[in-house]
J.: 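Below: one structure in structure tokens.
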Amino acid sequence: MRNGGKISAAIDVLTDVLNRHQPVKSAARDWGKRARYAGSKDRAWVSGLVLDALRKRNSIAYRMDDESPRALVLGALAFAWGWDIRQIDTAMDEEHAPSKLTLSEREHLVMAPDPSAPPHVQGDYPEWMAPMMARVFGEEATVEAQAMAVRADVDLRVNTLKVDAEKASMPLKSAKAEQSRLLHNAFHIPAKDPSEREASLESIPAYSKGWVEVQDAGSQIAAAAANAQPGEQVLDYCSGGGGKTIALAAQMKGKGQIFAYDIDGKRLSALIPRLKRSGAHNVQLVHPTEPVQLETLTGQMDCVFVDAPCTGTGTWRRRPDSKWRIKQGQLEKRMSEQTEIIAKASEFVKPGGRMIYATCSFLMEEDEDRVAEFLSMHPEFTEEDAAGAAIASGLLTDEGANVVQRFRMPTGSVRLTPRRAGTDGFFFAVLRRAG
């Protein structure tokens with residue numbers, strides 16, 4: 001496909017995302033079924049342009065004085081991809097391209113950013129979230145949000161149940177993976193140029209062998225704060241896809257027992273092939289249809305990890321469409337669920353044991369507020385130094401240790417963001433039950 005046709009396709013896909021409220025993946029897949037002539041590079045180009053238009057939706061609409069899918073796509077070409085008017089003109093003259101640029105579009109495509117634009121415009125986040133952004137980030141809200149509106153690297157965790165970082169590094173060279181600056185047993189693949197196709201990890205032998213797992217560095221650091229020891233009894237209370245379950249198994253060197261629980265049996269069953277690939281043999285699945293029942297674990301766990309369902313604001317770089325779908329009512333619902341989940345999970349912590357509460361959200365309403373509420377109602381628990389716990393695991397590099405210490409909150413919890421740490425947005429706290 002030529003650029004004009006791909007631009008037209010991006011406008012069609014973005015129209016489905018905004019008007020039909022489809023996730024980008026679904027809208028792009030539907031377009032791909034209609035456009036059988038489009039190759040994998042064409043599909044990646046179109047999806048990449050749509051995602052970048054969504055990442056910078058507010059600022060593009062403001063500069064274009066138009067929030068239509070066409071304006072957003074054209075603005076993304078100019079403001080995110082760095083195309084000049086000549087490049088855009090050339091593409092719009094091609095077959096199957098959208099109609100040529102209007103005079104108004106030309107004028108707006110060359111306009112400089114307005115430094116007086118409202119924070120939610122400059123930072124590309126929903127306007128109703130402005131008070132929450134100001135609360136957590138203060139005067140740095142805009143620059144923090146801007147760091148969430150760019151493409152993210154792909155982070156990999158080395159599965160030390162099978163291989164060490166040195167051995168894993170060799171086959172990862174083909175994917176241009178680089179050693180993590182934050183974690184000893186991790187790599188990252190730098191984000192590609194906007195128009196390039198992302199590397200397929202499934203084609204890397206190290207992935208199929210179970211040598212590496214895809215896991216954001218922030219998530220890896222949160223898992224490190226559990227500091228799970230060989231021989232312990234550990235419950236991953238909201239295991240989901242099982243990324244942290246497998247990370248905890250590696251910390252425990254396959255010794256002891258991990259119980260992976262999730263209310264969604266379908267998600268839990270998806271963990272089975274990951275476990276087989278990873279070689280983690282000390283994991284038991286816990287679900288009403290499984291032999292091991294959750295109630296039998298009450299008061300027995302050395303460590304309970306709670307990666308609570310949340311708004312996912314910390315993943316905006318990877319899922320930019322999600323930030324425009326979130327509503328105030330959804331946040332309030334998540335907060336209510338988190339209150340219930342953390343209280344229920346605490347019942348499985350034995351005297352002297354610990355609980356890690358984590359979210360992939362940067363909102364204090366889902367983070368510190370939920371921890372403070374829990375502690376006010378459960379005086380048998382106290383908050384500990386989460387940064388110290390992560391460092392004690394031995395998994396962090398010196399730079400990683402400096403990062404978690406720098407962004408440790410007064411109460412002991414840690415908040416990581418793309419700007420602060422180059423990770424997704426992540427929060428974690430360590431709570432200890434009295435012995």
Side-chain angles (χ1 to χ4, degrees), residues 222-272 275 280-310 334-359 366-367 369-384 386 389 412-413 427-435:
N227 197 12
Q229 299 297 310
E232 286 192 326
Q233 300 290 299
V234 176
L235 171 62
D236 187 358
Y237 188 71
C238 302
S239 64
K244 293 181 185 65
T245 300
I246 300 172
L248 294 171
Q251 287 184 37
M252 297 167 67
K253 301 178 180 178
K255 300 176 182 178
Q257 192 69 54
I258 301 178
F259 300 92
Y261 168 76
D262 199 280
I263 195 170
D264 187 338
K266 186 176 181 180
R267 294 187 70 190
L268 198 61
S269 62
L271 175 54
I272 296 174
L275 290 174
H281 302 299
N282 61 331
V283 178
Q284 292 192 51
L285 305 186
V286 183
H287 187 262
T289 61
E290 300 294 335
V292 177
Q293 296 297 302
L294 189 63
E295 289 71 21
T296 63
L297 307 179
T298 301
Q300 303 298 312
M301 298 295 103
D302 295 288
C303 176
V304 175
F305 198 103
V306 184
D307 186 1
C310 65
R334 283 302 191 198
M335 290 164 57
S336 176
E337 293 170 346
Q338 290 153 1
T339 294
E340 182 179 349
I341 286 171
I342 191 172
K344 180 61 179 178
S346 71
E347 298 175 5
F348 302 97
V349 182
K350 75 179 188 181
R354 62 202 183 279
M355 176 169 62
I356 290 79
Y357 175 77
T359 74
E366 298 186 274
D367 299 340
D369 289 0
R370 301 281 67 75
V371 171
E373 178 188 58
F374 171 78
L375 292 175
S376 70
M377 300 176 66
H378 295 81
E380 71 275 20
F381 279 86
T382 55
E383 186 168 0
E384 295 190 338
S413 59
F427 170 90
F428 55 96
V430 177
L431 310 176
R432 177 78 61 177
R433 185 170 202 155

J.: Grab the two heavy atoms, one from G240 and one from D262, that are nearest each other, plus how far apart they are.
T.: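 Closest approach of G240 to D262, heavy atoms only: N-OD2, 2.8 Å.
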
J.: At their closest point, which heavy atom of V349 faces which heavy atom of G353, and how far apart are they?
T.: CG1-C, 3.4 Å

J.: Is there a side-chain contact between D367 and F428 in this structure, where contact means two heavy atoms from C-beta onward sitting under 4.5 Å apart?
T.: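 No. Closest side-chain heavy atoms not under 4.5 Å.
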
J.: Verify the neighbour count for atom CD of E340: are there more than 12 heavy atoms of other residues, nucleotides or ligands below 6.0 Å?
T.: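 No, not enclosed.
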
J.: Over all heavy atoms of both residues, which pair between A386 and A225 is shortest? Give the atoms and the distance, please.
T.: O-CB, 4.0 Å

J.: Tell me the closest heavy-atom pair linking F305 and A223, and the distance in Å.
T.: CE1-CA, 3.8 Å

J.: For S239, does its backbone N or O pair with a side-chain atom of R267 as donor and acceptor, under 3.5 Å?
T.: no

J.: In sequence, state the C-alpha distance, the side-chain angles, and the governing distance for C238 and Y261, and then conclude on side chain to side chain contact (heavy atoms under 4.5 Å, CB included).
T.: CA-CA 6 Å; C238 302; Y261 168 76; over 6 Å; no

J.: Is the shortest heavy-atom distance from the side chain of M301 to the side chain of L235 under 4.5 Å?
T.: yes

J.: When you compare the side chain of L271 with that of I246, does any pair of heavy atoms fall below 4.5 Å?
T.: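 Counting from C-beta outward, I246 and L271 do come under 4.5 Å.
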
J.: Check whether any side-chain heavy atom of V286 lies under 4.5 Å from a side-chain heavy atom of Q293, and answer yes or no.
T.: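 Contact flag for V286/Q293 side chains = no.
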
J.: For Q251 and A228, indicate whether the former's side chain and the latter's backbone hold a donor-acceptor pair under 3.5 Å.
T.: yes

J.: Y357 vs F427 aromatic rings, parallel, tilted or perpendicular, using cut-offs 30° and 60°?
T.: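 Judged by the thresholds at 30° and 60°, the geometry between Y357 and F427 is perpendicular.
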
J.: Is it true that a side-chain atom of R432 and a backbone atom of G352 form a donor plus acceptor pair closer than 3.5 Å?
T.: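 Confirmed, R432 side chain pairs with G352 backbone.
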
J.: Determine whether L297 and F259 make a side-chain contact, defined as any pair of heavy atoms from C-beta on separated by less than 4.5 Å.
T.: yes

J.: Of all heavy-atom pairs between A429 and E383, which one has the smallest distance, and what is that distance?
T.: CB-OE2, 3.8 Å

J.: Restricting to non-hydrogen atoms, name the atom on K253 and the atom on P230 that form the minimum distance, rounded to 0.1 Å.
T.: CD-CG, 4.2 Å

J.: Looking only at side-chain N and O atoms, does T339 offer a donor or acceptor that is under 3.5 Å from a partner on R370?
T.: yes

J.: Calculate, to the nearest 0.5 Å, the distance between atoms CG and SG belonging to N227 and C303 respectively.
T.: 9.0 Å

J.: Could you tell me the separation between the CD1 atom of I356 and the OG atom of S413, rounded to the nearest 0.5 Å?
T.: 13.0 Å

J.: Could you check R334 against T359 for side chain to side chain contact (heavy atoms under 4.5 Å, CB included), going step by step and ending with a plain yes or no?
T.: CA-CA 11 Å; R334 283 302 191 198; T359 74; over 6 Å; no

J.: Determine which pairs satisfy salt bridge (charged side-chain N to carboxylate O under 4.0 Å, His left out) with at least one residue from residues 223-244, sequence neighbours left out, and list them in order.
T.: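 As it turns out, the salt bridge (charged side-chain N to carboxylate O under 4.0 Å, His left out) pairs with a partner in residues 223-244, which skip direct neighbours, are E232-R354, K244-D307.
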
J.: Given the rule in the side chain to side chain contact (heavy atoms under 4.5 Å, CB included) test, do M252 and Q229 qualify, once you have shown the distances and angles that lead to the verdict?
T.: CA-CA 5 Å; M252 297 167 67; Q229 299 297 310; over 6 Å; no

J.: Side chain of Q233, backbone of K350: donor and acceptor closer than 3.5 Å?
T.: no

J.: Drop me the distance from E337's CD to E366's CD, to the nearest 0.5 angstrom.
T.: 10.0 Å

J.: Do T382 and L375 make a side-chain contact, defined as non-hydrogen atoms from C-beta onward lying under 4.5 Å apart?
T.: no

J.: Are V234 and Q257 close enough, and set up right, to give a side chain to side chain contact (heavy atoms under 4.5 Å, CB included), and what steps lead you there?
T.: CA-CA 6 Å; V234 176; Q257 192 69 54; over 6 Å; no

J.: Would you say the side chain of E384 lies within less than 4.5 Å of the side chain of L431, judging by non-hydrogen atoms?
T.: no

J.: When you compare the side chain of Y237 with that of L294, does any pair of heavy atoms fall below 4.5 Å?
T.: yes

J.: Check the orientation of F374 and H378. Use parallel for under 30°, tilted for 30 to 60°, and perpendicular for over 60°.
T.: parallel

J.: What's the spacing between L285 CG and T245 OG1 if we round to 0.5 Å?
T.: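 Going from the CG atom of L285 to the OG1 atom of T245 covers 8.5 Å.
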
